[in-house]
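Working notes for the structure below.
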Amino acid sequence: MIATRRDANDLLLRGSIALARVEAAGIKIDVDYLERTRTEIAAQVKTLTAELRNDKIFSRWRKRYGEKTKIGSREQLGQVLFGDIGLPGGVPTAGSRGTKKERYQCDEEILAQVDLQFVRDWLKCEELKRTNATFLGGISREVCNGFMHPIQNLHLARTYRPSVDHPNGQNFPARDEAMAKLVRTAIIPRRGRIFVEVDFKGAEVGTGACYHKDPVMLDYIKTDAGKMHLDMAAQIFKMRVEKVPKALRNLVKGSFVFAEFYGSWYKNCAPSLWKQAEPEWLAHLARKTGITELGECKLPRDGEFFDPVPGTFEHHVAVIEKDFWGRRFRGYAEWKKSWYADYVKRGYFDMLTGFRCAGVFSKNEAVNYPIQGAAFHCLLWALIELNDWLIRKKMRSLIVGQIHDSMQLDCTEDELPDVLARVVWIITKALPRAWDWIIIPLSVEIEGSRKNWFEKAPLAV
DNA sequence: AAACCGGGCCAC
DNA sequence: AAACGTGGCCCGGTTT
């Protein structure tokens, strides 16, 4: 059955009702830990700030800005480092708010190249301040009787994805181990329960394949979806697949494969890969190919195009990109083209889940929205089913959150096996039966902890 | 003082 | 021709 706009409306309504219950349930917070940690971090920030103020770079900063000196100002730091001292690396850009005033770009990537203790300490200090303000502070502000109740929105994103606010429970640190620990330790299950996270494996890649049906992609998905990142890493860095280090595979996954899926291109991917690659990977590539230079990677300007120079990494990535879309994932590329052409002709496009997007969209938007939206709708469908079942069975276990392709549960010990079995059944069996456009196998990853979100580990079903 | 905006950074 | 998609939120800086 093809999903209709009526189906989409029903999903939105039932989804809103289910998410209202998620909001009401709320997530338990270890308030003691939270407030203790906020105090500790504040003390660390104070110490670090005092050290920064003793540095001779800060004297220079102070001399220049006087009363206006603000130690948290990136604009001022950039001016001092790259303007006054004249360190290399800073790029002046146009100022904000239509003013012509130039300022130096001063993000972490640029600052990481400055070999000064002052700058390393400044970055550390800012990260701690940000963690305390955005995440721990954000939770603390919203805690009520030991629970936070983030607002679940289904009507804000152009993609028909969800968003969450007060606080945003979808962007708590995960990748940086230290930051993740600081924040996620505060998220705990109710007394005697287990905090569970159910994750849709490869939700977006799989949903994309349901649109374009690219045979190579389908093959990867049916055998081992992760293999494509390995293959691309091997191709780009001229290694045997078995020799590709995990970190390299992850770099290629993020900075090439997914970037390309979202619509990036070699002019952006090549510098990103080059800058993040370990020296030994680049040395290996140099031995194999003679490539020792990134290349200019100059973006088109005033109608002028700058061809990559053969022998550079830019050129190398351009060639691989051509192979990526012209051979490896040709079916995906052709789908993008015809999908966009159809949209331009009609002025709208429909998702596999029945949602219609009408309006002005760029090519990247028009090909990404339907994938992102429908991928989330799979999770939403499962969340609604699980919620209904929990109510029907008078279970005490609760759904407490959702992050696009995962849901967080707060399960009682006695219900845990049944809940997990049901969730697996809903996603892997009931969902593909309900939506026959799903032509790929669905699988889930389940983790949990009796302590807190950070301590989560795989759970056996 | 409030409103607004850009830059930056967190997640998927 | 176009060129990384979607959000929330913090801070600093500027305008109202």
Side-chain angles (χ1 to χ4, degrees), chain A residues 65 68-78 93-99 101 103-111 123 126-127 129-139 141-142 150-176 179-180 182-184 199-200 202-205 207-208 254-270 272 297 299-301 303 305 318 321 325 336-337 340-341 344 357 361-373 375-376 379 401-406:
Chain A
Y65 286 98
K68 288 197 154 70
T69 301
K70 273 212 168 184
I71 201 147
S73 167
R74 285 188 132 85
E75 187 174 345
Q76 292 183 8
L77 176 63
T93 54
S96 61
R97 261 242 149 137
T99 53
K101 214 173 77 183
R103 55 176 292 175
Y104 290 88
Q105 200 192 341
C106 201
D107 59 24
E108 212 179 319
E109 194 188 320
I110 284 169
L111 290 176
L123 277 169
E126 285 304 304
E127 185 187 56
K129 277 171 28 184
R130 181 161 33 81
T131 301
N132 236 12
T134 304
F135 302 112
L136 299 180
I139 296 168
R141 190 186 304 129
E142 300 295 337
I151 309 300
Q152 306 278 331
N153 307 297
L154 275 185
H155 63 296
L156 294 181
R158 294 158 57 82
T159 50
Y160 294 106
R161 264 183 156 197
S163 77
V164 175
D165 57 48
H166 292 86
N168 178 3
Q170 293 186 312
N171 76 339
F172 290 159
R175 295 164 200 174
D176 183 291
M179 269 180 87
L182 278 177
V183 176
R184 288 173 183 244
D199 204 286
F200 245 103
E204 282 199 8
V205 170
T207 305
S255 293
F256 185 82
V257 180
F258 276 112
E260 291 283 345
F261 286 169
Y262 285 139
S264 189
W265 65 326
Y266 70 90
K267 294 264 185 203
N268 289 331
C269 292
S272 175
C297 300
L299 296 167
R301 261 187 63 193
F305 193 89
E321 178 183 89
W325 290 116
K336 281 191 182 198
K337 206 172 163 186
Y340 182 62
V344 168
C357 296
F361 305 111
S362 70
K363 181 175 182 184
N364 281 345
E365 287 169 337
V367 300
N368 284 327
Y369 288 11
I371 297 173
Q372 293 183 351
F376 164 64
L379 186 277
Q402 148 282 131
I403 313 180
H404 305 296
D405 61 357
S406 72

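The figures here come from the full heavy-atom set of this structure, side chains too, leaving out hydrogens, waters and symmetry mates. Numbers restart at 1 for each chain; the letters A, B, ... are given by sequence-line order, proteins then strands.
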Starting at [atom1] of [X] and ending at [atom2] of [N], how long is that distance when rounded to a whole Å?
{"X": "E126(A)", "N": "dC10(B)", "atom1": "CD", "atom2": "P", "value": "12 Å"}
{"X": "N368(A)", "N": "dG7(C)", "atom1": "CG", "atom2": "C1'", "value": "14 Å"}
{"X": "L111(A)", "N": "dC9(B)", "atom1": "CG", "atom2": "C1'", "value": "13 Å"}
{"X": "L77(A)", "N": "dG8(B)", "atom1": "CG", "atom2": "P", "value": "11 Å"}
{"X": "F135(A)", "N": "dA11(B)", "atom1": "CZ", "atom2": "P", "value": "7 Å"}
{"X": "N153(A)", "N": "dG8(C)", "atom1": "CG", "atom2": "P", "value": "7 Å"}
{"X": "H404(A)", "N": "dG7(C)", "atom1": "NE2", "atom2": "P", "value": "10 Å"}
{"X": "W265(A)", "N": "dG5(C)", "atom1": "CH2", "atom2": "P", "value": "14 Å"}

If you check the [X] side chain, which of [options] turns out closest?
{"X": "E365(A)", "options": "dA3(C), dC10(B), dT6(C)", "result": "dT6(C)"}
{"X": "S264(A)", "options": "dT6(C), dG8(B), dC4(C)", "result": "dC4(C)"}
{"X": "R175(A)", "options": "dC10(C), dC12(B), dC10(B)", "result": "dC12(B)"}
{"X": "E75(A)", "options": "dC12(B), dG13(C), dC4(C)", "result": "dG13(C)"}
{"X": "A133(A)", "options": "dC10(C), dC10(B), dG8(B)", "result": "dC10(C)"}

For Y266(A) against E260(A), the heavy-atom pair lying closest together: N-OE2, 4.0 Å
Taking only residues two or more places apart in sequence or in another chain, which ones pass side-chain hydrogen bond (donor to acceptor under 3.5 Å, both in side chains) with [X]?
{"X": "Q105(A)", "value": "D107(A)"}
{"X": "N153(A)", "value": "S163(A), D165(A)"}
{"X": "S264(A)", "value": "none"}

Considering just the side-chain nitrogens and oxygens of [X], establish if one lies under 4.0 Å of OP1 or OP2 belonging to [N].
{"X": "N268(A)", "N": "dA3(C)", "answer": "no"}
{"X": "R158(A)", "N": "dG5(C)", "answer": "no"}
{"X": "R74(A)", "N": "dC9(B)", "answer": "yes"}
{"X": "S73(A)", "N": "dG13(C)", "answer": "yes"}
{"X": "R103(A)", "N": "dT14(C)", "answer": "no"}
{"X": "Q76(A)", "N": "dG13(C)", "answer": "yes"}

Residues touching DNA chain B, which here means a heavy atom under 4.0 Å, drawn from residues 161-174 of chain A: R161(A), Q170(A), N171(A), F172(A), P173(A), A174(A)
Side chain to side chain contact (heavy atoms under 4.5 Å, CB included) between N171(A) and F135(A), worked out: CA-CA 9 Å; N171(A) 76 339; F135(A) 302 112; 3.7 Å; yes
By salt bridge (Lys or Arg N to Asp or Glu O under 4.0 Å) - contacts of E127(A) (at least two apart): K124(A)
Contacts of E204(A) that satisfy salt bridge (Lys or Arg N to Asp or Glu O under 4.0 Å) - sequence neighbours left out: R161(A)
Describe the nucleic acid contact of [X] in one word from base, sugar-phosphate, nothing, applying a heavy-atom distance below 4.0 Å.
{"X": "E108(A)", "result": "sugar-phosphate"}
{"X": "F261(A)", "result": "nothing"}
{"X": "C269(A)", "result": "nothing"}

Residue list, ring pair (Phe, Tyr, Trp, His ring centres under 6.0 Å) with F172(A), at least two apart or on another chain: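 Not a single residue meets the ring pair (Phe, Tyr, Trp, His ring centres under 6.0 Å) criterion with F172(A).
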Nearest-Å distance once atom C1' is located in both dC4(C) and dC9(B):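 One C1' to the other, the span is 16 Å.
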Close side-chain approach of I71(A) and K129(A), heavy atoms under 4.5 Å: yes
Mutual orientation of the aromatic rings belonging to F258(A) and F261(A) [parallel < 30°, tilted 30-60°, perpendicular > 60°]: perpendicular
Secondary structure of DNA chain C in dot-bracket form (Watson-Crick or G-U wobble, distances below 3.5 Å, | marking inter-strand pairs): ....||||||||||||
Residue whose nearest DNA chain C nucleotide is more 5′ - L156(A) or K363(A):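 This one resolves to K363(A).
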P162(A): side chain to side chain contact (heavy atoms under 4.5 Å, CB included) partners, not counting sequence neighbours: L154(A), Q170(A), F376(A), Q402(A), H404(A)
